[in-house]
Amino acid sequence: MCGICGWVDYERDLTGGNARRSLADMTATMACRGPDAEGTYVDTHAALGHRRLAVIDLPGGRQPMTVAEDGHPAAAVLIYSGETYTFRELRERPARAGHGFATSSDTEVVLRAHREWGRFDPRDAVRELNGMFAYALWDAASEELVLARDRLGIKPLYYYPTEHGVLFGSEPKAVLANGQARRVLDADGLRRALGFVADPHHAVFRGLREVPPGHVVRVSRAGIREQRYWALADTGHTDDVPTTVRHVRELLEDTAQRQLIADVPLCTLLSGGLDSSALTALAARHTTDRVRSFAVDFVGYSENFTADEVRGTPDAPYVHEVAEHVGTEHTDITLSTEELMDAEVRSAALHARDLPSGMGDMDTSLYLLFRSIREHSTVALSGESADEVFGGYRDFHDADTVAADTFPWLAGRMLNTDPTDPGLWDADLVKQLDLPGYLEGQYRTALGEVPELTGPSAADPSERRMRQICYLYLTRFLPLLLDRKDRMSMAVGLEVRVPYCDHRLVEYVFGTPWTHKTFDGREKSLLRAATADLLPASVAQRVKSPYPSTQDAAYERMLRRQVAALLEADGPMSPLLDKEAARDRFAAPPSAHSGMGTRMQLEQVLALDAWLTDYHVTLDV
């Protein structure tokens with residue numbers, strides 16, 4: 001795993017001192033993602049920076065990596081972040097044709113793939129890759145830059161068009177380190193920040209975009225083009241349930257085995273739920289070493305746990321049962337409210353995000369968990385995305401939520417939000433933003449992308465609606481979680497792999513009928529059936545419980561005090577808030593565990609205020 005950044009300008013010589021200093025500034029922001037090495041490449045119109053986290057081929061995988069052709073010592077230059085899990089098979093094909101390799105790294109395989117299969121269309125090379133990645137390839141002869149991102153968007157990649165080229169980076173902070181990028185938040189950016197719906201076409205800062213998942217972006221003198229190389233499609237699934245379960249197991253075994261490859265210490269993230277427990281058990285099957293596992297907990301959480309609409313059980317008892325059953329070397333990372341509210345920790349989480357997420361303690365606790373894990377491991381396997389792939393959230397199975405004509409996580413119990421509620425925001429601002437209208441537009445756009453059903457299921461309205469729900473979660477919700485996990489982990493130099501995002505598994509399960517996915521009358525039927533033999537019965541039958549959030553009422557009291565102080569100050573947030581309405585809301589005492597939507601209102605205000613201040617953002621709303 002690494003951090004990449006760069007700059008292409010077709011009307012400027014980037015070999016000069018000022019341009020090199022700008023590249024150095026951009027590259028320095030990626031040091032957290034790549035603490036092991038730094039490298040740059042500068043040509044007349046292209047400047048590329050790389051920070052490396054060494055995971056595979058520790059001595060040989062240095063970047064930028066170049067290939068010499070026709071007497072040119074750097075005919076193509078690659079800076080790469082991520083992992084290609086099929087690199088060993090892919091390197092055999094050029095090797096059979098007589099092409100040698102100088103390293104054992106997957107980076108060199110990706111570079112060779114573009115010279116072998118992607119000369120005319122880079123998408124032909126990217127389609128060969130199975131992995132999580134974001135990279136930039138500069139072709140010196142054609143003066144074309146190719147930015148590529150993996151199919152599900154596991155690894156982030158941003159770009160900022162300029163008058164004569166582009167800036168790009170693994171994170172916004174890398175782009176913003178170049179003086180050409182302006183730090184402006186307008187109404188569109190604020191809608192994106194508050195909407196809790198993934199939109200790669202707008203990355204909050206005015207002018208900043210993401211490379212969409214499953215796309216390449218090609219930059220040349222003719223301009224900038226986004227090109228799709230992968231999308232979810234209807235597969236015409238014909239396998240019966242037993243065959244489907246067997247194939248799911250085969251895919252899980254294969255991807256788990258592939259993603260255990262590393263030349264550094266590796267562990268698993270274990271929550272005691274079906275997803276992470278099955279993954280931990282699969283990892284144990286395919287390694288001769290004892291698996292290390294880690295879990296997050298809060299002081300007094302299990303002892304004082306109160307079930308709510310989202311979380312029915314605490315994690316710890318199930319975590320310990322799985323650890324004993326599988327035989328892992330397990331560690332609980334137990335956090336206090338004081339740690340979660342520590343000003344330096346909250347600032348570090350915001351800096352890792354670059355954007356005001358509003359997820360509060362779920363960000364800071366993840367950051368603290370990963371910081372502790374990094375003392376022992378460099379790579380961690382996560383169960384992220386299994387709920388989106390297999391239909392695990394309760395909202396998938398709630399008739400009212402499914403019937404709601406909007407994003408299900410906004411209509412259901414998960415966030416408990418009301419987009420028509422102005423919350424703490426100024427009434428005129430709320431009217432101007434028209435967040436319900438924005439979300440409606442995003443929703444209709446997403447529905448327009450859903451591949452049509454074919455075969456016997458096509459005439460079933462229920463199957464058609466569940467196809468839509470699955471698509472919405474995979475393309476508009478999952479990217480938010482993947483981004484969060486990437487940022488919090490890479491902030492401390494930890495690589496997190498997500499085997500359930502293997503595109504072969506996603507494609508296969510997405511194409512299965514909803515009746516297959518719920519054949520036993522439960523959520524995640526296919527995953528449970530495929531892995532039940534590996535798990536304790538209590539864990540295999542456990543109902544989904546999302547990533548934990550502290551229930552300590554003292555946490556919300558601290559949030560309220562901070563928001564109250566903000567209301568008395570004349571800071572950057574003042575034009576955005578209805579201070580009287582906010583004070584009225586504080587008249588009621590906090591509950592022991594407020595709903596996520598209520599808590600997120602407070603977290604959003606505090607995060608946005610800190611972000612506007614710390615990032616020196618110009619407000620243009």
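Keep in mind that this is a model prediction, so the values were computed, not measured.
In this structure, CG in Leu447 is found 7.0 Å from CG in Asp405, a value given to the nearest 0.5 Å. To the nearest 0.5 Å, atom CG of residue Leu472 and atom CG of residue Leu478 are 12.5 Å apart.
A side-chain N or O of Ser271 and one of Ser276 form a donor-acceptor pair less than 3.5 Å apart. At a cut-off of 3.5 Å, with distance as the only test, a side-chain donor of Ser365 or Tyr547 sits close to an acceptor on the other residue. With no hydrogens or angles considered, a side-chain donor-acceptor pair links Thr244 and His237 at under 3.5 Å. With 3.5 Å as the limit, one finds a donor-acceptor pair spanning the side chains of Arg522 and Gln541. Defined by atom type and a distance below 3.5 Å, a donor-acceptor pair is present between the side-chain atoms of Asp332 and His330. Inspection of the Glu449 and Thr445 side chains reveals no N or O donor paired with an N or O acceptor under 3.5 Å. Defined by atom type and a distance below 3.5 Å, a donor-acceptor pair is missing between the side-chain atoms of Asp297 and Thr334. Side chain to side chain, Arg542 and Thr313 meet the donor-acceptor criterion of an N or O pair below 3.5 Å.
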Practice problem: Go through the steps for Asp483 and Arg353 under the test salt bridge (Lys or Arg N to Asp or Glu O under 4.0 Å), then give the verdict. | Solution: CA-CA 8 Å; Asp483 185 69; Arg353 278 280 205 167; 3.7 Å; yes
Exercise. Decide yes or no on salt bridge (Lys or Arg N to Asp or Glu O under 4.0 Å) for Arg151 and Glu507, but give the supporting numbers first.
Key: CA-CA 11 Å; Arg151 294 167 177 82; Glu507 289 171 345; 5.1 Å; no
Exercise. Would you check, one step at a time, whether the test side chain to side chain contact (heavy atoms under 4.5 Å, CB included) holds for Arg394 with Val543?
Key: CA-CA 9 Å; Arg394 296 185 186 186; Val543 174; 3.7 Å; yes
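Asp460 has no carboxylate O lying under 4.0 Å from a charged side-chain N of Arg464, or vice versa, which leaves the two without a salt bridge. Arg560 has a carboxylate O that lies under 4.0 Å from a charged side-chain N of Glu556, or vice versa, which qualifies the two as a salt bridge. No salt bridge links Lys155 with Asp150; every basic N to acidic carboxylate O contact stays at or beyond 4.0 Å. Using a cut-off of 4.0 Å between Lys/Arg side-chain N and Asp/Glu carboxylate O, Glu495 and Arg497 are scored as salt-bridged. Of the charged side-chain nitrogens involved, none lies within less than 4.0 Å of a carboxylate oxygen, so that Arg258 and Asp502 do not count as a salt-bridged pair. Ion pair Asp342/Arg346 not flagged as a salt bridge, since none of the NZ, NE, NH1 or NH2 atoms sits closer than 4.0 Å to an Asp/Glu carboxylate oxygen. Taking 4.0 Å as the cut-off between side-chain N and carboxylate O, Arg528 and Asp275 do not count as a salt-bridged pair. Note on Glu523 versus Lys517: no salt bridge recorded, every NZ/NE/NH1/NH2 to OD/OE distance being 4.0 Å or above. One finds no salt bridge joining Glu603 and Arg599 here, because no Lys/Arg side-chain nitrogen approaches an Asp/Glu carboxylate oxygen to under 4.0 Å.
Counting heavy atoms of neighbouring residues, nucleotides and ligands inside a 6.0 Å radius, atom CD of Glu324 does not exceed 12 of them. More than 12 heavy atoms of other shown residues, nucleotides or ligands fall within 6.0 angstrom of atom CD in Glu303.
Listed for the Thr531 side chain is no donor-acceptor partner under 3.5 Å among the backbone atoms of Leu534. Looking only at distances, a side-chain donor or acceptor of Gln551 sits under 3.5 Å from a matching main-chain atom of Thr306. A donor-acceptor pair under 3.5 Å is formed between the side chain of Ser382 and the backbone N or O of Glu384. The closest donor-acceptor contact from the side chain of Arg249 to the backbone of Ala530 lies under 3.5 Å. Between the Arg149 side chain and the Val211 main chain, a donor and an acceptor come within less than 3.5 Å of each other.
Relative to the six-membered ring of Phe510, Arg467 meets both conditions, a distance below 6.0 Å and an angle of at most 45° to the axis.
The aromatic rings of Tyr443 and Phe407 lie perpendicular to each other, with more than 60° between the two planes, well past the 30° mark. Ring pair Tyr301/Phe305 is perpendicular by interplanar angle, where above 60° counts as perpendicular and below 30° as parallel.
Residues that satisfy the salt bridge (charged side-chain N to carboxylate O under 4.0 Å, His left out) test with Glu321, not counting sequence neighbours, are absent from this structure. Every residue was checked against the side-chain hydrogen bond (donor to acceptor under 3.5 Å, both in side chains) condition with Arg371, not counting sequence neighbours, and none meets it.
Put simply, the residue from Tyr393, Phe196, Tyr473 that forms a ring-ring contact (aromatic ring centres under 6.0 Å, His included) with Trp409 is Tyr473. With Arg191 as the fixed residue, the side chain to side chain contact (heavy atoms under 4.5 Å, CB included) test singles out one of Leu439, Val204, Leu433: Leu433. Partner Leu368 forms a side chain to side chain contact (heavy atoms under 4.5 Å, CB included) with one of Asp361, Ile373, Asp363, Leu335 and no other, that one being Leu335.
Closest non-hydrogen pair, Leu350 versus Leu355, comes out as CD1-O, 3.7 Å.
Here the two rings, on His397 and Trp514, have centers that are under 6.0 Å apart.
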